[in-house]
Amino acid sequence: MIKALAIKELRESAGLMALASLGMVWALAGLMGVNPLRYLSGGYVAPDQSIAFVNDSFATWASVLVGGLAVALGLKQSAWERGRDTYYFLLWRPVSRRVVFGTKIIVGVFLVVALLAVAIGIYGWWASIPGKKPAPFEWSMTFSAWKLALALPLIYLGAFLSGLRPGRWFGTRLIPLAGVFVWVFFASAVPYIWLFIPMLVLGYFGVLVAISYFVETSDF
Amino acid sequence: MTDVIRTFRLTKHYDTRRVVDCLNLQVQRGQVYGFLGRNGAGKSTTIKMLMGMVQPDSGEVELLGEKVSAMCPKTRERIAYIAEGHPLYNWMTIGEAVRFTRAFYSNWNHTLVEQILDHFELSRKQKLRRLSNGQRAQVSLALAVAPEPELLILDDPTLGLDTVVRRDFLESLIQIIHRKGRTILFSSHILGDVERVADRIGIMVDGVLRVDCPTDHFRESVKKLVLDFPGPAPEAVDCPGLVNSWNLGSQLELILVGYDEAQRTAVEALQPRSIEIIDLNLEEAFIEYTRGRKRSLPLFAMEESRHDQSIGDQGIA
């Protein structure tokens, strides 16, 4: 039954995933010097002086595209079913709510992390080919990108919680998402990994406890 | 007889409004229970509380002897629920919906599903989003009965279906009822459906269960009396079992429950010229019992003078 639930979640997330993947391909193409719009700009491509993952725009693109996917996916997986009343179909199946929502979250986190991990892998592999970038490449340079991969699922969970949590109007429902954004922003600004990790763990713990509470007590 | 559905002082508020008020409901094994009430009477909220979809503010629900709030999946397998509007995943085909639902059950009568789908001439390759309301209802029914549930709870299952599809749906439901004495609770606005299928009814009025009795008993208990007076009819009537009264000038209409000797004496004490006792069918009895002081407005094709008179009769300011 978990397999059936996971396949359903993957099918329902396929559209958003495809959109984010296309965006990521576009962004990576740009980072690799393949500008699909170069013909519109007279074919001129500025010489690339950036160092992969260090001072290029990978983190910006990843934050926008994978972060966007995290928000959209979190809201869709939780609020979309409520809007279509399909929770009445799903939640009466002989399986606990924790399993239903746990499967949703595992699939969502997997998709968010997978997209970013694949992007890091492809870009890192390309950057490691001698001559592609005007600087030597070490995999340790991807450290900041992996920090992002650790933080973005928290954004996803914040969006999931916003979709799940009842609220009088949409603005107040988004409070968890806004709170998680602020938390992730401060955690990312911390220069010490020994502080960054506990801050994230605390964030994950708080959001998961809140999700668990609303899963068990909300009206559907 | 054991109670398959049992609620104890079930109460729910939305904001300050009490939508379900101290509901004590008992449905016994093998019963087909029609759950009735006007829009907003609390039927759907009650059914959602029965299914654990809405948390009661106070009170408890037991289905098949187990509390819903702590029901194990094994017990849940024995209960089917069809929600209002037949919510299904529109992106699935019928075949995919069957495979998806089947994955949750240890006991799944695939032959029965196939029979129902064949009976309704539904192709497994059809997308659910392309189905009519009636076809969605048929798919919902097939998915609900496939695990051979002991208890079926259906929230307005014939809502939005045309007469023929509704009749087909009910026929199927009756066949299902006849299998192994299943218990069914269903809400409906279509009293003809209830009359055909239900052997007991409950009527919710403003969140309170006002009626809980065999269908025939309710129909036979509610009487309409038309009292004709030589002059103006009296305004106030004091009579036991009086549900409603309307002053229509020289006539007085009374809706009474359990018309007996005491009521006859009270009515005769008003000294009317004649008393007409009208038997009601279930739909009429339900309407008269639940509609309160307001009457319908059959005014649109009438001349102005009659119009004014009728409005006056209703006491609308």
Side-chain angles (χ1 to χ4, degrees), chain A residues 1-19 73 76-104 106-107 163-169 172 210-220, chain B residues 12-15 19 44-45 47-57 63 68-93 96-108 128-129 136 139-140 143-144 147 149 152-153 155:
Chain A
M1 81 182 74
I2 291 175
K3 186 180 162 194
L5 279 171
I7 290 170
K8 170 191 138 344
E9 292 305 323
L10 286 169
R11 280 283 298 269
E12 288 177 347
S13 308
L16 282 175
M17 190 64 187
L19 209 62
L73 203 55
K76 182 169 191 264
Q77 280 188 299
S78 54
W80 184 79
E81 296 226 32
R82 190 190 290 272
R84 286 168 192 262
D85 286 344
T86 45
Y87 273 138
Y88 298 130
F89 177 78
L90 182 63
L91 295 182
W92 188 252
R93 299 306 122 199
V95 58
S96 75
R97 285 188 185 176
R98 280 172 194 263
V99 171
V100 171
F101 285 95
T103 308
K104 277 177 178 284
I106 288 168
V107 169
L164 191 65
R165 182 180 156 271
R168 284 197 178 273
W169 66 289
T172 53
I211 287 174
S212 178
Y213 171 78
F214 285 114
V215 161
E216 295 298 335
T217 61
S218 282
D219 289 348
F220 287 95
Chain B
K12 180 71 181 177
H13 294 81
Y14 285 132
D15 296 324
V19 287
S44 281
T45 304
I47 289 181
K48 284 172 188 165
M49 285 194 283
L50 293 181
M51 310 318 294
M53 299 294 166
V54 167
Q55 309 295 325
D57 293 332
L63 300 181
V68 167
S69 52
M71 186 176 278
C72 70
K74 271 283 167 202
T75 308
R76 205 175 278 208
E77 275 200 45
R78 295 155 57 201
I79 304 165
Y81 170 45
I82 297 182
E84 188 178 331
H86 308 284
L88 294 165
Y89 293 105
N90 284 335
W91 55 268
M92 289 183 181
T93 62
E96 285 170 337
V98 171
R99 278 196 298 279
F100 175 72
T101 313
R102 183 182 191 169
F104 295 90
Y105 294 91
S106 55
N107 181 29
W108 182 266
L128 292 170
R129 75 163 69 92
R136 290 173 72 85
V139 173
S140 289
L143 297 177
L152 275 96
I153 296 179
D155 192 356

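FYI, side chains are in, hydrogens and waters are out, and symmetry mates aren't considered; it's all heavy atoms of this structure. Numbered from 1 within each chain, the chains take letters A, B, ... in sequence-line order. In this text the structure is predicted, and so the values were computed from the model without any measurement.
Between A:W92 and B:Y81, the ring-plane angle classifies as perpendicular under the 30° and 60° cut-offs.
Atom OH of A:Y213 is surrounded by 12 or fewer heavy atoms from other residues, nucleotides or ligands within 6.0 Å.
The greatest number of non-hydrogen atom pairs below 4.5 Å with chain B, out of A:I2, A:T217, A:T86, A:D85, is found for A:T86. Heavy-atom pairs under 4.5 Å with chain A peak, among B:M71, B:M92, B:E96, B:K74, at B:E96. For the set B:T101, B:L88, B:I79, the entry with the most heavy-atom pairs within less than 4.5 Å of chain A is B:I79. Between chain B and the residues A:E216, A:E81, A:R11, A:K3, the most heavy-atom pairs under 4.5 angstrom are made by A:R11. Contacts with chain A were tallied for B:G85, B:A83, B:P73; B:P73 has the most, counting heavy-atom pairs under 4.5 Å.
Heavy atoms closer than 4.5 Å to chain B are found in both the backbone and the side chain of A:L5. With a threshold of 4.5 angstrom between heavy atoms, B:M49 does not approach chain A through any atom at all. Heavy-atom distances place no part of B:A144 under 4.5 Å from chain A, backbone and side chain included.
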Working for side-chain contact (heavy atoms from CB on, under 4.5 Å), residues A:E12 and B:W91
CA-CA 8 Å; A:E12 288 177 347; B:W91 55 268; 2.9 Å; yes

Evaluation steps, side-chain contact (heavy atoms from CB on, under 4.5 Å), between B:K48 and A:Y88
CA-CA 9 Å; B:K48 284 172 188 165; A:Y88 298 130; 3.2 Å; yes

Show the numbers, then the answer: is there a side-chain contact (heavy atoms from CB on, under 4.5 Å) between B:Y89 and A:L90?
CA-CA 9 Å; B:Y89 293 105; A:L90 182 63; 3.3 Å; yes

Does the pair A:R93 and B:Y105 meet the rule for a side-chain contact (heavy atoms from CB on, under 4.5 Å), with working shown?
CA-CA 8 Å; A:R93 299 306 122 199; B:Y105 294 91; 2.8 Å; yes

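With sequence neighbours left out, A:V215 forms a side chain to side chain contact (heavy atoms under 4.5 Å, CB included) with A:R97, A:F101, A:L164, A:I211. Among residues two or more places apart in sequence or in another chain, the side chain to side chain contact (heavy atoms under 4.5 Å, CB included) test is passed with A:S212 by A:R98.
Across every non-hydrogen atom of B:R76 and A:V95, the tightest pair is NH1-O, 4.2 Å.
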